[in-house]
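First up is the structure itself, then whatever we jot down about it.
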2 protein chains.
Amino acid sequence: MSSSTGRSDLDQFDLAILDILQRDNTTPQRVIGEAVNLSAPSVQRRIRRLEECGVIEANVSVINPVSVGRTITVLVEVEVITETVELIAAAKQSFATCPQVQQCYYITGNADFFLVMLVSTMAEYEELTKTLFFGNNNVKRFRTTVVMDRVKTGMAVSRPDA
Amino acid sequence: MSSSTGRSDLDQFDLAILDILQRDNTTPQRVIGEAVNLSAPSVQRRIRRLEECGVIEANVSVINPVSVGRTITVLVEVEVITETVELIAAAKQSFATCPQVQQCYYITGNADFFLVMLVSTMAEYEELTKTLFFGNNNVKRFRTTVVMDRVKTGMAVSRPDA
DNA sequence: AGTGACGTTGCAATATATTTGCACGCATCA
DNA sequence: TGATGCGTGCAAATATATTGCAACGTCACT
C-alpha cells in the first residue's frame with residue numbers, strides 16, 4: 001500500500017529536509033539538523049521514512065553530459081498512428097529503454113510523446129531515428145528540435161507554498 | 001580553467017564509477033570499489049576529482065512531485081517576438097527563476113523556449129501564464145501540453161560506448 | 001481528570017563510512 | 001640511469017550514520 005506515493009502528510013520539517021536534499025544530498029545529517037532545528041538521528045529517521053514511502057525516489061549524481069561526449073540535446077515530438085493500449089505500451093517501452101532518451105513523456109494534444117534526448121553527434125541521432133521512429137510502423141510523424149542552451153535543468157521540485 | 005567542463009580524459013574506471021553514482025550516489029565507496037576493482041580510497045579520490053573538474057555537477061535526491069502536491073506536469077513551447085540578446089537573457093532569467101519551471105531549454109526551430117513545468121492545479125498554471133507569458137510583452141505565443149504519463153524521467157546520461 | 005498506546009524526540013553508544021599519511025609501483029622524460 | 005609525477009593500496013585517523021533507550025507529547029477512551 002505504500003509503494004507509489006499516494007498521500008503523505010509531510011510536515012514543515014520534512015519539507016525543509018527535502019529542500020536541502022534536493023540541493024545536496026551529501027549534506028551531513030548533523031548540518032541538516034542544525035538547519036531545521038532537529039537532532040541528527042531525527043533527521044536520519046525522517047529521511048528513511050521519506051525513502052520508504054516513496055517521497056524520495058532516488059539519490060543520484062548529476063553529471064555534465066558534455067564530459068562523457070553527449071554534447072547535443074535534442075527535443076523530439078512524436079505522433080503515432082494508432083493509439084491502442086498495446087501499441088502505446090510498446091512505444092513507451094522502446095523510448096524508455098533507449099539510452100540516449102533521457103526523458104520521455106506521454107502527452108495530450110497533437111503529438112503523443114515528447115522526448116529529451118542526448119546524443120554525441122547529429123549522425124548518431126539520425127541513426128537512432130531509423131530504429132526509433134522510421135523503424136516503428138506506428139510512428140506517423142516526428143519533429144526534431146535542437147537545444148542551443150540548457151537554461152535550467154534538473155529534477156528539483158519546489159514546494160507549493162514557499 | 002577547470003570551471004566548465006571542457007575536455008576530461010575519463011578512463012574506464014571513471015565511467016564505471018559515474019554509472020553507479022548516477023544510479024545511486026549513496027553507494028558506499030567500498031562497494032563501488034568492489035564493483036570496479038579499485039580500493040575505496042582510490043574511488044574516493046576519483047570522485048573528488050570528478051567533482052572538482054565539473055563532471056559531477058550535483059548530488060541530489062530526486063523526489064516524487066506528487067508527494068509535495070505538484071501533481072500536474074505541463075510542457076510549454078514559447079515563442080518570443082524579438083530575439084535580441086537582452087530580451088532573450090531576460091526571458092531565460094524569468095523562466096529559470098520560476099519555481100514551477102523545472103527545466104528550461106532555449107531552442108532552435110519555430111519556437112524559442114521549451115519548458116517543463118510542475119504545478120499543483122491548472123488554476124495555478126493559468127495564474128502563472130499571466131505573469132510568465134501574458135505579462136511579458138515579448139512573448140508572442142505559447143503552446144501548452146499536459147503530460148499524462150511521465151514515462152521516463154531523470155538526469156542520467158548513458159555513456160556513448162556501452 | 002486519569003491512563004494507556006502510539007509516535008517522535010534527544011542523548012549516548014556503537015557501527016560504518018570517509019578521509020588522510022605514507023610507501024610503493026609504474027610510467028615519462030631528461 | 002635516475003628523477004619526477006601520478007595513481008595506487010594499506011592502515012590509521014576522523015567524521016558520519018545508525019541504534020538502544022528513556023522521556024515527552026498527543027490522542028482516544030475510560
Side-chain angles (χ1 to χ4, degrees), chain A residues 1-64 67-69 159 161-162, chain B residues 1-64 67-69 159 161-162:
Chain A
M1 175 173 291
S2 60
S3 60
S4 61
T5 305
R7 197 47 27 218
S8 346
D9 49 345
L10 306 180
D11 62 17
Q12 288 306 109
F13 287 122
D14 291 319
L15 294 173
I17 291 170
L18 288 174
D19 276 350
I20 294 170
L21 293 182
Q22 284 191 103
R23 240 186 299 278
D24 180 7
N25 73 350
T26 67
T27 312
Q29 297 169 353
R30 177 181 46 79
V31 175
I32 298 175
E34 285 163 9
V36 305
N37 277 324
L38 230 46
S39 69
S42 207
V43 169
Q44 127 84 357
R45 287 182 282 242
R46 278 169 178 270
I47 292 175
R48 174 206 284 273
R49 248 170 281 158
L50 292 168
E51 282 168 347
E52 281 173 350
C53 73
V55 174
I56 294 176
E57 292 182 335
N59 287 288
V60 302
S61 294
V62 178
I63 78 165
N64 184 332
S67 68
V68 294
R159 34 212 280 214
D161 47 308
Chain B
M1 175 173 290
S2 61
S3 60
S4 61
T5 305
R7 198 45 30 218
S8 347
D9 48 344
L10 306 180
D11 62 16
Q12 288 306 108
F13 287 121
D14 292 319
L15 293 174
I17 292 170
L18 288 174
D19 276 351
I20 294 170
L21 292 181
Q22 285 191 101
R23 238 186 301 278
D24 180 6
N25 73 349
T26 67
T27 312
Q29 297 167 353
R30 176 180 46 79
V31 175
I32 298 175
E34 285 162 11
V36 304
N37 278 324
L38 229 47
S39 68
S42 208
V43 169
Q44 128 85 355
R45 287 182 281 244
R46 279 169 179 269
I47 292 175
R48 174 206 284 273
R49 248 170 281 157
L50 292 168
E51 281 168 347
E52 280 173 349
C53 74
V55 174
I56 295 175
E57 292 182 335
N59 287 288
V60 302
S61 293
V62 178
I63 78 165
N64 184 332
S67 68
V68 293
R159 33 211 282 214
D161 47 307

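Chain letters run A, B, ... following the sequence lines, proteins first and then strands; every chain starts at 1.
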Inset, instruction - Check the pair D11(A), R46(A) against salt bridge (Lys or Arg N to Asp or Glu O under 4.0 Å), reporting the backbone distance first and the verdict last. - result: CA-CA 11 Å; D11(A) 62 17; R46(A) 278 169 178 270; 2.9 Å; yes
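- Taking SG from C53(B) and CG from D14(B), the interatomic distance works out to 8.5 Å, rounded to the nearest 0.5 Å.
- Side-chain N/O atoms of R49(A) include none lying less than 4.0 angstrom from OP1 or OP2 on dG7(C).
- Residue Q12(B) contributes atom CD, which lies 17 Å from atom C1' of dG7(D) at whole-angstrom precision.
- From I32(A), atom CD1 reaches atom CG of L21(A) across 4.5 Å, with rounding to the nearest 0.5 Å.
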Atom pairs and distances, donor-acceptor, side-chain atoms in residues 36-43 of chain A, under 3.5 Å, two or more places apart:
from: S39(A); atom 1: OG; to: S42(A); atom 2: N; distance (Å): 3.4

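- Of the residues in residues 28-46 of chain A, those with a non-hydrogen atom less than 4.0 angstrom from any atom of DNA chain C are L38(A), S39(A), P41(A), S42(A), R45(A), R46(A).
- Looking at which nucleotide of DNA chain D each of R48(A) and D11(B) is closest to, the 5′-most match is held by D11(B).
- Neither side chain, T26(B) nor N59(A), offers a donor N or O lying under 3.5 Å from an acceptor on the other.
- In this structure, the CG atom of L21(B) is 15 Å from the C1' atom of dA17(C), given to the nearest Å.
- For the atom pair CD1 of I63(B) and CD of E57(A), the computed distance is 8.5 Å after rounding to the nearest 0.5 Å.
- Across the protein-nucleic acid pair, D9(B) atom CG and dA27(C) atom P stand 17 Å apart, rounded to whole Å.
- Put simply, the side chain of D24(B) does not reach to within 4.5 Å of the side chain of V60(A), judged on heavy atoms.
- Here the C1' atom of nucleotide dA17(D) and the CG atom of N25(B) are 15 Å apart, to the nearest Å.
- We find that CD1 of I47(A) is positioned 12 Å from P of dT9(C), with the value rounded to whole Å.
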Inset, instruction - Map every base of DNA chain D to its dot-bracket character, where paired means a Watson-Crick or G-U wobble contact with both distances under 3.5 Å and | marks a partner outside the strand. - result: ||||||||||||||||||||||||||||||
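- Enclosure of atom CZ in R48(A) is not indicated, since only 12 or fewer non-hydrogen atoms of other residues, nucleotides or ligands lie within 6.0 angstrom.
- Separating the CG atom of D14(B) from the P atom of dC6(D) is a distance of 16 Å, rounded to the nearest angstrom.
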